[in-house]
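Because the structure is a prediction, the values reported are computed rather than measured. What you see below is based on every heavy atom in this structure, not just the backbone, and it leaves out hydrogens, waters and symmetry mates.
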Amino acid sequence: MGIEEKLPSGILLTTVEQVVGFVRKTSMWPATFGLACCAIEMMSAGGPRYDIARFGMERFSATPRQADLMIVAGRVSQKMAPVLRTIYDQMSEPKWVIAMGVCASSGGMFNNYAIVQGVDHIVPVDIYLPGCPPRPEMLLDAVLKLHDKVQNTKLGAHREREIEELDRRRMRMLPLVEQTGGAAQ
Amino acid sequence: MLEWLNPVKGFGVTFHTMFKKVPTVEYPEVKAPTMPRFHGRHQLNRWPDGLEKCIGCELCAWACPADAIYVEGGDNTEEDRFSPGERYGRVYQINYLRCILCGLCIEACPTRALTMTNEYELADDSRESLIFTKEQLLAPLLEGMEAPPHAMRLGETEEDYYRLGSQDADAAARADERNSEAVQ
């Protein structure tokens with residue numbers, strides 16, 4: 001049924017969403033946001049041994065205007081937070097964020113007043129990558145998981161519906177530890 | 001003399017590199033094994049009969065420099081026995097967005113219930129899914145193991161289990177020695 005069966009062999013059909021997803025994921029340029037030790041591992045991932053260029057990230061962009069992906073590598077101090085937000089705002093749409101390492105993801109072991117407790121307080125994060133610091137393979141794994149996500153992102157009205165569905169699911173989510181409060185105990 | 005050759009010599013480097021061994025890892029297709037003692041994801045171990053080794057003492061949570069571990073102990077009863085001895089870990093959670101994989105919890109664990117695996121692919125897209133609960137951390141049931149709760153099968157008291165553990169460790173150490181000798 002449909003047009004697929006009438007086509008001669010060798011012609012592949014796909015959806016616009018899949019094509020756009022493929023194009024987006026295979027040429028994603030990261031903006032460097034190295035802040036601490038995770039940046040060393042990020043540099044290592046860019047070197048010849050791990051070679052992030054295999055995944056279409058040909059260079060780390062030094063200007064946010066030409067970047068699609070911000071890899072926040074390291075702990076974000078309160079003083080750095082507005083800078084990070086500015087860089088994110090300067091990036092052109094569509095843009096994605098990887099929180100690399102526990103400090104960027106949640107504050108990590110630095111549970112104090114100087115460190116932002118997770119960059120998701122400032123920018124929307126697509127992939128959280130634990131590890132202190134994560135090895136380059138872990139970063140590549142995070143990048144591949146992000147690629148998967150980008151490939152399956154919907155467009156236009158479908159995207160709006162997807163966002164609504166995600167919101168609904170989030171509202172229904174239950175906490176991991178049941179907290180009944182003092183009166184019930 | 002032969003200065004006109006210099007521009008050609010430059011290409012020699014390029015040509016030579018084509019025959020060199022490529023150092024790039026083929027990560028997603030070929031996963032190179034980590035060092036055997038690499039600090040990866042945690043695992044909650046079991047005794048050979050399937051009972052849990054964790055006794056809910058919270059020493060791991062106290063040792064944790066990042067406050068990533070949350071433990072709530074529970075009492076074993078004769079009907080509901082999860083571990084040999086009095087107590088077991090009723091709730092066990094590790095927040096991988098805090099955990100720095102330092103291994104201090106492993107050193108603190110008195111029953112070797114908590115160890116680390118070499119698994120490192122942990123990235124995910126929400127904070128909630130990176131808080132691992134007890135079900136995710138528990139070791140899989142091997143042959144001869146039965147999921148708790150059930151009675152103690154390898155001894156009368158918990159002491160028998162703990163002595164068994166040291167025998168296990170001795171046997172493992174001897175096996176390691178034999179292996180290393182065989183390798184040499």
Distance (rounded to the nearest 0.5 Å) between [X] [atom1] and [Y] [atom2]:
{"X": "R98(B)", "Y": "C132(A)", "atom1": "CZ", "atom2": "SG", "answer": "12.0 Å"}
{"X": "E137(A)", "Y": "K31(B)", "atom1": "CD", "atom2": "NZ", "answer": "10.0 Å"}
{"X": "D124(B)", "Y": "D126(A)", "atom1": "CG", "atom2": "CG", "answer": "12.0 Å"}
{"X": "L130(B)", "Y": "L129(A)", "atom1": "CG", "atom2": "CG", "answer": "9.0 Å"}

Is it true that, when you exclude [X] itself, more than 12 heavy atoms of the residues, nucleotides or ligands shown sit nearer than 6.0 Å to its [atom1]?
{"X": "H121(A)", "atom1": "NE2", "answer": "yes"}
{"X": "E146(B)", "atom1": "CD", "answer": "yes"}
{"X": "E29(B)", "atom1": "CD", "answer": "yes"}
{"X": "R112(B)", "atom1": "CZ", "answer": "no"}
{"X": "Q90(A)", "atom1": "CD", "answer": "yes"}
{"X": "E159(B)", "atom1": "CD", "answer": "no"}
{"X": "Q78(A)", "atom1": "CD", "answer": "yes"}

Q | Side chain / backbone / both / neither for R170(A) at chain B, heavy atoms under 4.5 Å | A |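 Interface part for R170(A): neither.
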Q) With only heavy atoms counted, which part of I127(A) is less than 4.5 Å from chain B, the side chain, the backbone, both or neither? A)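 Contact with chain B: backbone and side chain both.
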Would [X] and [Y] show up in the same hydrophobic cluster when neighbours are defined by side-chain heavy atoms closer than 4.5 Å?
{"X": "V143(A)", "Y": "V150(A)", "answer": "yes"}
{"X": "L140(A)", "Y": "W96(A)", "answer": "yes"}
{"X": "F60(A)", "Y": "W29(A)", "answer": "no"}
{"X": "Y92(B)", "Y": "L59(B)", "answer": "no"}

Q) Should D67(B) and M109(A) be marked as a side chain to side chain contact (heavy atoms under 4.5 Å, CB included) after you check the CA-CA gap, both sets of side-chain angles, and the distance that decides it? A) CA-CA 7 Å; D67(B) 270 351; M109(A) 66 183 301; over 6 Å; no
Q | Reference residue Y96(B); test side chain to side chain contact (heavy atoms under 4.5 Å, CB included); the match among P130(A), S105(A), S106(A) | A | P130(A)
Closest approach of [X] and [Y], non-hydrogen atoms and distance?
{"X": "R127(B)", "Y": "G118(A)", "answer": "NH2-CA, 3.5 Å"}
{"X": "R54(A)", "Y": "Y27(B)", "answer": "NH1-N, 3.5 Å"}
{"X": "A123(B)", "Y": "K145(A)", "answer": "O-NZ, 3.0 Å"}
{"X": "G131(A)", "Y": "L101(B)", "answer": "CA-CD1, 4.1 Å"}

Q: Select one option (side chain, backbone, both, neither) describing which atoms of S126(B) are under 4.5 Å from chain A's heavy atoms.
A: backbone
Q. Side chain, backbone, both or neither: which part of L122(B) has a non-hydrogen atom closer than 4.5 Å to chain A?
A.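 Answer is both: backbone and side chain atoms of L122(B) are under 4.5 Å from chain A.
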Q | Residues D125(B), Y128(A); criterion side chain to side chain contact (heavy atoms under 4.5 Å, CB included); working and verdict | A | CA-CA 6 Å; D125(B) 62 354; Y128(A) 298 88; 5.6 Å; no
Q | Residue among P134(A), P48(A), G47(A) with most heavy-atom pairs under 4.5 Å to chain B | A |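 With the most close heavy-atom pairs to chain B, the winner is P48(A).
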Q: Could you tell me whether R135(A) sits above the aromatic face of F38(B), with NZ or CZ closer than 6.0 angstrom to the six-membered ring centre and within 45 degrees of the axis?
A: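 The answer is yes; both the distance and angle limits are met.
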Q.
As a quick check of understanding, evaluate side chain to side chain contact (heavy atoms under 4.5 Å, CB included) for V25(B) and R49(A), giving each step before the final call.
A. CA-CA 6 Å; V25(B) 295; R49(A) 185 170 165 78; 3.8 Å; yes
